[in-house]
Colleague: 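Quick one: structure below, then a few questions.
First the proteins, then the strands, lettered A, B, ... as listed; each starts at 1.
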2 protein chains.
Amino acid sequence: MKTNSKNKIIIVDDHLLFSQSLELLIKSFGDYEVIERFENGKVFIDYLENHDSELIDLILLDVNMPVLDGLSTMKWLKDNRPELKVIALSVNDDEDIIIKMITNGAKGYLLKDTSPEIFREAIECVIEKGFYFTELVSGMLINKVNSDNKKISLKEKEIVFIKHACTEMTYKEIASEMCLSPKTIDGYRESLFDKLEIKTRIGLVLYAIKHKIVCV
Amino acid sequence: MKTNSKNKIIIVDDHLLFSQSLELLIKSFGDYEVIERFENGKVFIDYLENHDSELIDLILLDVNMPVLDGLSTMKWLKDNRPELKVIALSVNDDEDIIIKMITNGAKGYLLKDTSPEIFREAIECVIEKGFYFTELVSGMLINKVNSDNKKISLKEKEIVFIKHACTEMTYKEIASEMCLSPKTIDGYRESLFDKLEIKTRIGLVLYAIKHKIVCV
DNA sequence: AACAACAAGGGGAAAAATACCCTTTTTTGG
DNA sequence: CCAAAAAAGGGTATTTTTCCCCTTGTTGTT
């Protein structure tokens with residue numbers, strides 16, 4: 001059979017309009033066929049657990065999905081089907097999530113409004129060479145490896161404190177809100193200033209927003 | 001001719017993949033036909049200036065486009081073809097731009113990852129009733145009309161001050177940076193606190209980010 | 001000329017934030 | 001169980017932020 005020689009692709013995306021049109025686009029390339037489409041990570045994993053995954057050449061995995069999102073799905077794949085090749089798809093270029101998808105094994109990351117030509121190039125590249133990264137993503141990777149030595153981990157209470165620090169509350173008010181002594185809050189603040197290399201509460205707010213601890 | 005009775009739709013969007021699939025979707029509804037597609041506002045306006053626009057029933061207009069973006073195109077339509085019905089399309093839900101599109105005459109605002117059913121509902125609704133707003137957009141409109149009496153206008157120096165306030169500089173440092181007395185900076189701050197109904201510099205930073213005076 | 005509106009700046013004081021150094025209690029790894 | 005680390009809190013001093021009330025020019029309007 002002729003179709004059996006085509007590269008087999010699976011699309012996991014809750015957005016039907018997009019996933020349908022992506023299937024049409026891929027078909028139009030000629031060398032590929034979309035063997036399945038799933039609307040979230042959960043149903044995709046259910047499928048994998050009951051089917052042979054050896055004949056899957058590529059997975060196009062949306063990041064933002066209900067039920068089980070792209071990152072969780074990616075982590076499951078890393079643990080259970082590490083041989084599968086995945087290109088992550090998303091509408092935004094959130095650095096954190098891109099890095100997380102890639103460190104969990106994604107072989108490429110494309111924005112959903114990427115042009116058809118780049119889509120084709122990326123799909124071909126991942127299937128043949130094993131990876132495809134746009135300039136955007138490469139830049140982020142370089143950023144990361146340059147600043148990865150000092151990885152910052154925040155504790156749960158620090159996160160709560162930071163969220164409160166991003167309001168017009170005074171530290172005293174934050175302390176009573178968190179049922180802690182103002183002095184303890186002082187301690188949190190000073191330790192964070194030190195860790196994050198900042199000097200003022202303004203710096204803390206900017207850090208929190210940049211790293212999406214709070215949203216505007 | 002049968003097709004002439006169908007509602008005529010124009011798509012203006014630079015993302016071919018999306019605009020193609022949107023055309024297919026619209027065709028699948030049966031009652032509509034996509035008579036033209038354009039990749040930016042410029043070529044669309046060129047077309048309008050050389051063609052009769054009376055037979056256009058609806059325009060689906062992307063917000064983010066090269067050459068001439070959705071807002072500029074919307075403003076041109078408001079001035080030159082106010083009778084045309086437009087649904088704005090965008091990947092993000094930026095309140096400012098949504099409000100601007102609507103105040104410039106857009107009859108609806110849809111996120112690009114809206115489901116096909118909602119797309120159909122919105123298109124039908126705008127053609128028949130003249131408008132369609134999702135809950136998201138309605139909420140924003142209510143917000144606006146409730147806070148629109150006191151429209152806030154910031155002067156150039158205030159903008160500069162706000163930008164500086166969103167750094168770890170002290171007011172004294174900001175003053176010398178702006179070649180003004182610290183007391184003048186005090187004045188700027190107090191007038192802004194009053195105008196923006198905030199009480200602390202943190203509130204100022206949050207306001208600035210929310211209103212995109214500074215970007216993170 | 002008289003008036004309002006406004007930008008720039010000042011004095012002084014209270015509140016909040018920041019810095020530095022310290023003790024006690026709890027948790028935790030070995 | 002013990003030692004070490006981490007969490008919670010205290011004391012005190014300095015700097016920064018915030019608030020309120022005030023003066024002096026400038027500009028534009030009637």
Colleague: Can you give each donor-acceptor pair under 3.5 Å made by side-chain atoms of residues 129-140 of chain A, sequence neighbours left out, with the distance rounded to 0.1 Å?
Modeller:
from      : atom 1 : to        : atom 2 : distance (Å)
Thr134(A) : OG1    : Val137(A) : N      : 3.4
Ser138(A) : OG     : Thr134(A) : O      : 2.9

Colleague: Determine whether a donor-acceptor pair (N or O, by modelled atom type, separation under 3.5 Å) exists between the side chain of Lys163(A) and the backbone of Ile213(A).
Modeller: yes
Colleague: Could you state the CD-P distance from Glu173(A) to dA15(C), rounded to the nearest angstrom?
Modeller: 13 Å
Colleague: Just one of Ile10(B), Leu48(B), Leu58(B) clears the side chain to side chain contact (heavy atoms under 4.5 Å, CB included) bar with Leu84(B), so which one?
Modeller: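 Going through Ile10(B), Leu48(B), Leu58(B) one by one, the side chain to side chain contact (heavy atoms under 4.5 Å, CB included) with Leu84(B) is satisfied by Leu48(B) alone.
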Colleague: Can you measure Leu204(A) atom CG to dA16(C) atom P for me and round it to whole angstrom units?
Modeller: 19 Å
Colleague: For residues 100-108 of chain B, dump all side-chain donor-acceptor pairs below 3.5 Å to protein atoms at least two apart in sequence or in another chain.
Modeller:
from      : atom 1 : to        : atom 2 : distance (Å)
Thr103(B) : OG1    : Ile99(B)  : O      : 3.0
Thr103(B) : OG1    : Lys100(B) : O      : 3.1
Asn104(B) : ND2    : Lys100(B) : O      : 2.8
Lys107(B) : NZ     : Gly105(B) : O      : 3.1

Colleague: Heavy-atom count check: over 12 atoms from other residues, nucleotides or ligands less than 6.0 Å from Glu49(A) CD?
Modeller: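 More than 12 within 6.0 Å, yes.
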Colleague: Using a cut-off of 6.0 Å, state whether more than 12 heavy atoms not belonging to Glu39(B) lie near its atom CD.
Modeller: no
Colleague: Rounded to whole Å, how long is the line connecting atom CD1 of Ile202(B) with atom C1' of dA17(C)?
Modeller: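 In whole Å, dA17(C) C1' and Ile202(B) CD1 are 10 Å from each other.
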Colleague: Could you check whether the rings of Tyr188(A) and Phe161(A) sit parallel, tilted or perpendicular, using 30° and 60° as the cut-offs?
Modeller: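 Rings of Tyr188(A) and Phe161(A): perpendicular, over 60°.
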Colleague: Has Arg201(A) got a side-chain atom pairing as donor or acceptor with Ile202(B)'s backbone, closer than 3.5 angstrom?
Modeller: no
Colleague: Taking only N/O atoms, report every protein-nucleotides 19-28 of chain C pair under 3.5 Å with atom names and distance.
Modeller:
from    : atom 1 : to        : atom 2 : distance (Å)
dA19(C) : N7     : Glu190(A) : OE2    : 3.1

Colleague: Rounded to whole angstrom units, what separation is found between the NE2 atom of His164(A) and the P atom of dA17(C)?
Modeller: 14 Å
Colleague: From Thr167(B) OG1 over to Ile162(B) CD1, what is the distance, rounded to the nearest 0.5 angstrom?
Modeller: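 One finds 12.5 Å between OG1 of Thr167(B) and CD1 of Ile162(B).
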Colleague: Taking only Lys NZ, Arg NE, NH1 and NH2, and the carboxylate oxygens of Asp or Glu, determine whether Asp13(B) and Lys112(B) approach each other closer than 4.0 Å.
Modeller: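 Salt bridge present between Asp13(B) and Lys112(B).
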Colleague: Should Lys42(A) and Asp46(A) count as an ion pair when the cut-off is N to O under 4.0 Å?
Modeller: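 Between Asp46(A) and Lys42(A) there is a salt bridge, with a charged N closer than 4.0 Å to a carboxylate O.
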Colleague: Counting only heavy atoms not in Glu83(B), do more than 12 sit closer than 6.0 Å to its CD atom?
Modeller: yes
Colleague: Let me check I have this right: for DNA chain D, each base becomes ., (, ), [, ] or |, based on Watson-Crick or G-U pairs with both distances under 3.5 Å. What is the full string?
Modeller: |||||||||||||||||||||||||||.||
Colleague: Using only heavy-atom distances, determine whether the side chains of Ser191(B) and Asp194(B) contain a donor-acceptor pair under 3.5 Å.
Modeller: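 Short answer, no.
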Colleague: Could you tell me the boundaries of the chain A footprint on DNA chain D, defined by atoms under 4.0 Å from its heavy atoms?
Modeller: dA7(D) to dT12(D)
Colleague: Check the distance between dA17(C)'s P and Arg201(A)'s CZ and give it to me in whole angstrom.
Modeller: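 Computing the Arg201(A):CZ to dA17(C):P distance gives 5 Å.
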Colleague: Report the distance from atom NZ of Lys172(A) to atom P of dA17(C), rounded to the nearest whole Å.
Modeller: 9 Å
Colleague: Rounded off to whole Å, could you give me the CD1-to-C1' distance for the Ile174(A) and dA15(C) pair?
Modeller: 15 Å
Colleague: Between the protein and nucleotides 5-8 of chain C, are there any N/O to N/O pairs under 3.5 Å, and if so, what are the atom names and distances?
Modeller:
from   : atom 1 : to        : atom 2 : distance (Å)
dA8(C) : OP1    : Lys157(B) : NZ     : 2.9
dA8(C) : OP2    : Tyr188(B) : OH     : 2.3

